[in-house]
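The structure appears below as structure tokens.
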Amino acid sequence: MARRKIIYYDEVTSTNEIAKLLVSRQVEDRTVVVAETQTAGKGRLGKVWDSPKGVGIWLSIILYPPIETSEMSQLGLVASIAMCNTLQKITDQHIKIKWPNDLVLHDKKIAGILCELVNIGDKKSAIIIGIGVNVNTSRFAESLPYASSLYLECGVTFDRKQIIEEFVQEFENMYDKFLEYKTFKVFLDEYKNLCLNLGKVAYIKTKDKQYTANVISINSNGNLVVKDEEEKVFEIFSGEVSIRGIYGYT
Ligand code: BTN
């Protein structure tokens, strides 16, 4: 059983926003906020995250890790491994990670993670790891051709509460290990084994430019190492980047 406090809401704007409010009230480390539906669910890169009632997992974890703010996004990668492991176990499917932290099944996105930092003074930050999993969703808008759910991909419905409980436990164990070693390096091999971008060509889109590059590695900070068409090797940070396969989502 999970040791941590899980707060359930029926309807919220966004569990990440509730989490921010709870941080301002100095809520306990590792508190988890879960909602049945979100009226203003947020995705990465300013996108909207559809969060219909009763069919998905919409949750946020609040952490105050004693590490540099610049390294906190590594915890999003840790959470993606934890959710991937949980869903693999429950569905018996080969779920993969599309860097940095989308979960993919049959080339479709079934879950995403939005990490947000909150300044808590004294040069310290809290991190809110917001996770959305499309569990039993039966249809998606036409504007979301790469989105799917566990139900649509597996043909059966899943127990959302079981997934939440198993994920929280899995993440707890991994977070304890992260705090012990204070580096993502201890999860790098596991992450690489789950990551579907390695060795592939990616279409990379930042605020200023778009280009294709070969993904050659992931380094110990969790950044993507790519080689562009002029053979220049460089690192990509997850912040403001969208990456796709050249022919589709992956
Ligand atoms: C993505 O774009 O892939 C990230 C999606 C993150 C969605 C989750 S749902 C729970 C939490 N609350 C939000 O408003 N967003 C995250």
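In this text, all values refer to a predicted model and were calculated from it rather than measured experimentally. Note that the numbering runs from 1 along the sequence shown for the chain. Remember, it's 1-based here, ligands and their atoms both numbered in the order they're listed.
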May I ask you to say whether Lys20 pairs ionically with Glu17, meaning some side-chain N is under 4.0 Å from a carboxylate O? yes

For Thr157, check side chain to side chain contact (heavy atoms under 4.5 Å, CB included) against everything at least two apart and list the hits. Asn136, Tyr151

List the residues meeting side chain to side chain contact (heavy atoms under 4.5 Å, CB included) with Ser125, not counting sequence neighbours, and say none if there are none. Thr69, Met72

Strictly below 4.0 Å, N to O, side chains only: are Glu68 and Lys182 in salt-bridge contact? no

Between the protein and ligand 1, which nitrogen or oxygen pairs come in under 3.5 Å, and how far apart is each?
residue  : atom   : partner : partner atom : Å
ligand 1 : 2 (O)  : Arg44   : N            : 2.7
ligand 1 : 3 (O)  : Lys109  : NZ           : 2.5
ligand 1 : 12 (N) : Thr15   : OG1          : 3.1
ligand 1 : 12 (N) : Gln38   : OE1          : 2.9
ligand 1 : 14 (O) : Ser14   : OG           : 2.7
ligand 1 : 14 (O) : Lys42   : N            : 2.7
ligand 1 : 15 (N) : Lys42   : O            : 2.7

Which residues satisfy the side chain to side chain contact (heavy atoms under 4.5 Å, CB included) test with Lys123, sequence neighbours excluded? none

Using a 6.0 Å distance limit plus a 45 degree cone around the ring axis, check whether Lys232 lies over the aromatic ring of Phe234. yes

